[in-house]
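Indexing begins at 1, ligand by ligand and atom by atom, following the structure's order. Numbers here simply count residues along the sequence, with the first being 1.
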Amino acid sequence: MNRIQIVQGDITKVEVDAIVNAANSRLAGGGGVDGAIHRAAGPGLIEECSRLGGCDTGSAKITGAYDLPARYVIHAVGPIWQGGQAGEPSLLASCYRRSLELAVEHGARTIAFPAISCGIYGYPLSAAAEIAVKEVVSFLELDESESLEMVLLVCFDSGVHECYERVFEDLCRRGRGQR
Ligand code: AR6
């Protein structure tokens, strides 16, 4: 199986059916990857987001992608890191699961994720990367009809990229992941 790819780059440039945004719970736009996605999508995106009534932390909502090459943007709201005792790991895992479910529900066959919560929200990178990789691997293992062809984990810089590669290789070595 070769359905996970870890790549370095700008998620707004990636040609997939759905890109995931690391949004805030008001879906109000912001900095980081959220700012980049809204700039590249154009004003239609914030207008559509403003009609969605926000989104709970740990969940996700889907919109059109406007001027982006993708068909959909899935706005996932990751947890703000507060030390790890406030349910952050399960909230982050649930962002990945919910985004993958939404993609499948909308017929997307390819999806790209940024490192949700790993920027402004301060989640420690290797812990977050492990959750991201594990959730994607488990989802793909259960997706027997292979409705998802490819999941890209898009790392903005080389530090994030190296960390994801290391986490993925560790997981494969332990026999729990396949690519
Ligand atoms: N492509 C891919 N990854 C990117 C890009 C890009 N163009 N730009 C940044 N990243 P962050 P968060 C990486 O801060 O921590 C916003 O204000 C970045 O290097 O974007 O979930 C929202 O509105 C990091 O590895 O998201 C929220 O208020 C990762 O994306 C808040 O930030 C996530 O960093 C969400 O914070």
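Take R109 and apply the salt bridge (Lys or Arg N to Asp or Glu O under 4.0 Å) test, not counting sequence neighbours, and it matches E149. Residues meeting the salt bridge (Lys or Arg N to Asp or Glu O under 4.0 Å) test with R97, sequence neighbours left out: E135.
Taking a cutoff of 4.0 Å between a charged side-chain nitrogen and a carboxylate oxygen, E47 and R51 qualify as a salt bridge.
Looking only at distances, a side-chain donor or acceptor of T110 sits under 3.5 Å from a matching main-chain atom of D17. For the pair D56 (side chain) and S59 (backbone), a donor-acceptor distance under 3.5 Å is absent. At least one donor-acceptor pair closer than 3.5 Å links the side chain of E88 to the backbone N or O of G84.
Interface of D34 with ligand 1, defined as ligand atoms under 4.0 Å from a residue heavy atom, comprises 22 (C), 23 (O). Taking a cut-off of under 4.0 Å to the non-hydrogen atoms of A22, the atoms of ligand 1 that pass are 21 (O), 22 (C), 26 (O), 35 (C). Contact atoms of ligand 1 toward D10: 1 (N), 6 (C), 7 (N) (distance under 4.0 Å to a heavy atom of the residue). Within the listing of ligand 1, atoms 15 (O) sit less than 4.0 angstrom from a heavy atom of C118. Of all atoms in ligand 1, listed by their number and element, those nearer than 4.0 Å to a heavy atom of G30 are 17 (O), 23 (O).
Between Y96 and F113, the ring planes are tilted. Angles from 30° to 60° get that label.
Comparing heavy-atom distances from atom 20 (O) of ligand 1 across I116, T12, V33 singles out V33 as nearest.
Residue N24 places at least one N or O, backbone or side chain, under 3.5 Å from an N or O of ligand 1. Checked by distance only, ligand 1 and I120 come closer than 3.5 Å through their nitrogen or oxygen atoms. At least one N/O-N/O distance between I11 and ligand 1 falls below 3.5 Å. Geometrically, ligand 1 and G31 share a nitrogen or oxygen pair separated by less than 3.5 Å.
The shell of residues lying under 4.0 angstrom from ligand 1, judged by heavy atoms, excludes G78. Distances shorter than 4.0 angstrom occur between a heavy atom of G29 and an atom of ligand 1.
By the 4.5 Å heavy-atom criterion applied to side chains, I46 and Y66 are not counted as neighbours.
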